[in-house]
There are 2 protein chains.
Amino acid sequence: MADVARMAGVSPTTASFALSGRTDMRISDASRARVLEAAKELGYRPNVTARSLRTKSTQTIGFVSDMITTTPFAGDVIRGALEAAYERDHLLFITEAGGDRAAEASLVHALLDRQVDAVIYAAMFTRYITPPKELYGQRVVLLNCLAPGFDAPSVVPDELQAGRDAARALLAAGHTKGIWAIGGHLAVPASPEGNIAGNERMRGMEEVLRAGGARLDGVIECDWNTQDGYREVSALLAAGHRPRALVCLTDRLSMGAYQALGEAGLSVPGDVSVISFDDQDIAAVLRPALTTMQLPHARLGRLAVELILRQGPLEAAVHRVAMPLQERDSIGTPAAE
Amino acid sequence: MADVARMAGVSPTTASFALSGRTDMRISDASRARVLEAAKELGYRPNVTARSLRTKSTQTIGFVSDMITTTPFAGDVIRGALEAAYERDHLLFITEAGGDRAAEASLVHALLDRQVDAVIYAAMFTRYITPPKELYGQRVVLLNCLAPGFDAPSVVPDELQAGRDAARALLAAGHTKGIWAIGGHLAVPASPEGNIAGNERMRGMEEVLRAGGARLDGVIECDWNTQDGYREVSALLAAGHRPRALVCLTDRLSMGAYQALGEAGLSVPGDVSVISFDDQDIAAVLRPALTTMQLPHARLGRLAVELILRQGPLEAAVHRVAMPLQERDSIGTPAAE
DNA sequence: TTGAAAGCGCTAACAG
DNA sequence: CTGTTAGCGCTTTCAA
């Protein structure tokens with residue numbers, strides 16, 4: 001910048017003001033123009049590191065998660081966050097602690113040592129967490145997790161509403177009987193306080209079903225993987241049950257259900273309708289394509305950085321992001337008796 | 001740090017040396033101990049930003065890619081890079097340009113303005129690229145892409161060897177006839193210089209097949225998606241062909257092939273063996289589980305940061321990372337005539 | 001409207 | 001073995 005100032009024949013101060021385009025310290029148009037031209041001429045780029053040392057702001061956000069790779073909470077969250085950050089001229093330090101508390105603490109330190117403006121603390125699946133102590137007092141937003149008593153906003157998918165909407169989709173197609181839920185409330189690597197997604201999805205669904213004069217014939221509790229879907233639906237059919245509609249709590253369960261249904265010679269949605277949750281990649285390529293409640297990954301990531309970059313202090317509110325119904329081909333009218 | 005020095009009763013210099021544990025400027029054990037204790041007492045953490053201003057090193061790497069979210073080049077690459085960086089006390093700025101050259105340039109600027117020590121330039125699928133001009137003269141490694149004439153090392157999967165190994169797996173199971181390749185050389189959103197992965201996989205395969213006295217009955221050129229696999233294999237069967245083994249150039253193609261085979265009443269691997277490439281998530285959950293050549297995502301990411309953090313100048317070599325055979329259940333002995 | 005000067009938190013010559 | 005001093009590249013009071 002000294003070079004630019006010299007070339008423009010002004011002081012560093014003037015150059016600084018001209019470059020940052022501030023109006024409170026007015027600079028003559030002539031000086032400003034000369035500075036800008038010199039800067040362009042020299043290919044000048046400000047050293048953000050040096051600026052940060054004075055301003056205390058690095059235009060940088062830290063992102064800490066327990067696991068970014070694994071489904072269903074993956075790259076789309078990051079992509080949404082990245083986009084929002086890019087629009088606001090911020091960069092993201094992405095880190096991943098792999099569920100290791102010590103690593104988590106050391107990552108948060110690494111982030112703080114680099115003077116990040118704020119940090120996003122994200123969980124792979126929606127759950128209660130207790131943030132590492134080095135995050136207390138920092139500007140943080142919780143992504144896909146809740147921490148009662150920790151003073152920060154949370155951004156989570158609106159699972160309750162998704163449960164309701166899934167039930168409505170079934171009702172709208174005429175389903176009132178022979179509805180089974182696969183996956184239930186539990187599932188997912190044991191989280192002490194229970195599985196938020198499972199609980200809310202089920203709660204919303206049962207509420208709407210009941211209001212619509214329908215109900216679940218049964219709820220099968222199992223893990224949320226393809227194998228479990230296959231096994232449980234096979235067992236269900238083997239036991240002589242003949243469901244008209246399956247609510248699978250995840251797309252992976254749906255995939256397993258498809259396999260079991262196919263082997264039993266039952267067609268989707270002719271014999272059995274299937275509605276699912278998550279909208280992972282496979283949902284679109286399954287045959288028939290799966291109707292599913294979409295986890296709004298990108299929007300969650302986006303909202304987290306939008307909140308964090310808002311002026312002023314952060315309110316400890318819970319922001320629920322809608323899970324839109326992704327209509328495809330797995331719901332039909334109920335099969336005849 | 002001034003506080004620490006004061007508390008320990010030494011000068012900032014002494015504190016600095018003690019804290020950074022350097023031996024060239026020897027510090028008495030007594031002083032060092034006092035400094036360390038004071039630092040702990042005060043919960044002192046160095047300001048990496050300030051340090052960087054002097055040392056020119058930020059312990060930070062920039063990662064620019066055209067697309068991180070989309071398969072098959074996804075989170076695992078980042079995870080590998082993250083792990084390697086973590087082990088070496090570096091942090092990664094992750095960015096994504098979405099294939100937009102202007103965005104790419106501005107992201108590289110943003111990275112350089114923050115004085116990153118180096119940048120990893122990554123592509124979603126293996127191809128030739130021309131790096132943004134702001135990267136010239138910088139310390140960079142190319143990930144999953146090649147740029148002849150650009151002075152930087154590349155890290156790519158060893159597709160040629162993978163093609164050979166796939167052919168060997170088929171040969172080992174006794175397949176010498178009725179082998180079809182689905183996907184061929186082309187595929188993937190048109191890249192001007194051709195599809196590296198497709199070409200090398202095919203080349204390696206044909207080489208080994210020929211040497212083993214076998215050959216391909218046919219090569220079907222199509223895009224690398226599930227729908228294409230379904231459509232092409234359906235067409236192949238409809239045309240009266242009865243393949244004994246299918247080489248699908250991607251797992252998505254395999255998934256489509258499975259659907260077509262299933263509809264035609266053909267079983268895998270009883271009637272038709274399938275070998276595939278990529279080892280995406282679906283490979284393991286398909287029934288039967290898919291035998292496939294694994295894209296070593298994490299190792300690619302890891303190697304990229306290992307190279308970049310090596311002392312000394314970077315050699316413009318091409319590093320090929322092995323693609324291990326992931327044996328599962330889709331290869332059997334050839335069906336009888 | 002502009003410039004001199006101080007200083008952000010740290011490191012590194014250079015002297016003692 | 002340790003302290004003084006300068007300065008990394010920028011912003012920002014304060015005075016002119």
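Lettering of chains follows the sequences in order, A, B, ..., and the numbering in each one begins at 1.
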- Does A:S154 use its side chain to pair, donor to acceptor, with the backbone of A:C145 at less than 3.5 Å? yes

- Mind checking A:V48 for me? I need base, sugar-phosphate or nothing, with any heavy atom below 4.0 Å counting as a touch. nothing

- Note on the structure: Nearest-nucleotide check on DNA chain D, B:D29 vs A:T49; residue mapping nearer the 5' end is B:D29

- Query: Just by modelled atom types, is the B:R320 backbone N or O under 3.5 Å from a matching donor or acceptor in the B:D158 side chain?
  - Reply: no

- Whole angstrom is fine here: how far is it from CD in B:Q59 over to P in C:dC10? 15 Å

- Query: Where the side chain of B:S52 meets the backbone of B:V48, is there a donor-acceptor pair that is under 3.5 Å apart?
  - Reply: yes

- Nearest to side-chain heavy atoms of A:K56, which nucleotide of C:dC8, C:dC10, D:dT11: C:dC8

- Task: For the side chain of A:S11, starting at C-beta, report the closest nucleotide among C:dT11, D:dT2, C:dG3.
- Result: C:dG3

- Query: Is any side-chain N or O of B:S16 under 3.5 Å from a base N or O of C:dA12, one able to act as donor and the other as acceptor?
  - Reply: no

- Phosphate contact (C:dT2 OP1 or OP2) by A:T14 side-chain N/O below 4.0 Å: no

- Pick the nucleotide of DNA chain D nearest each of B:A50 and B:V10; which residue has the one closer to the 5' end? B:V10

- Value in whole Å for how far the P atom of D:dG9 lies from OH of A:Y44: 10 Å

- Task: Ignoring backbone atoms, test whether B:R51 places a side-chain nitrogen or oxygen under 4.0 Å from the OP1 or OP2 oxygen of C:dT11.
- Result: yes

- Quick one: B:L19 CG to C:dA12 C1', roughly how many Å, whole number? 15 Å

- Task: Find the distance B:L53:CG to C:dT11:P and express it as a whole number of Å.
- Result: 11 Å

- Task: Using only heavy-atom distances, determine whether the side chains of B:E104 and B:Y121 contain a donor-acceptor pair under 3.5 Å.
- Result: yes

- Query: Under the 3.5 angstrom rule, does the side chain of A:T58 hit a backbone N or O of A:Q115 as a donor-acceptor pair?
  - Reply: yes

- Rounded to the nearest Å, what distance is computed from the CD atom of residue B:Q115 to the P atom of nucleotide D:dC8? 14 Å

- Message: Determine whether a donor-acceptor pair (one donor, one acceptor, N or O, separation below 3.5 Å) exists between the side chain of B:T13 and the base of D:dT4.
- Response: yes

- Given atom CD1 of A:I27 and atom P of C:dG3, what is their separation to the nearest angstrom? 8 Å

- B:R6 CZ - C:dG9 C1' separation (whole Å): 13 Å

- Query: Which part of the nucleic acid, if any, lies within reach of A:S20 when heavy atoms closer than 4.0 Å are counted: base, sugar-phosphate only, or nothing?
  - Reply: nothing

- Item | Selection from D:dT11, D:dC10, C:dG9 that lies nearest to any side-chain heavy atom of A:N47 | D:dC10

- Item | Protein-nucleotide distance (A:R54, atom CZ; D:dG7, atom C1'), rounded to Å | 15 Å

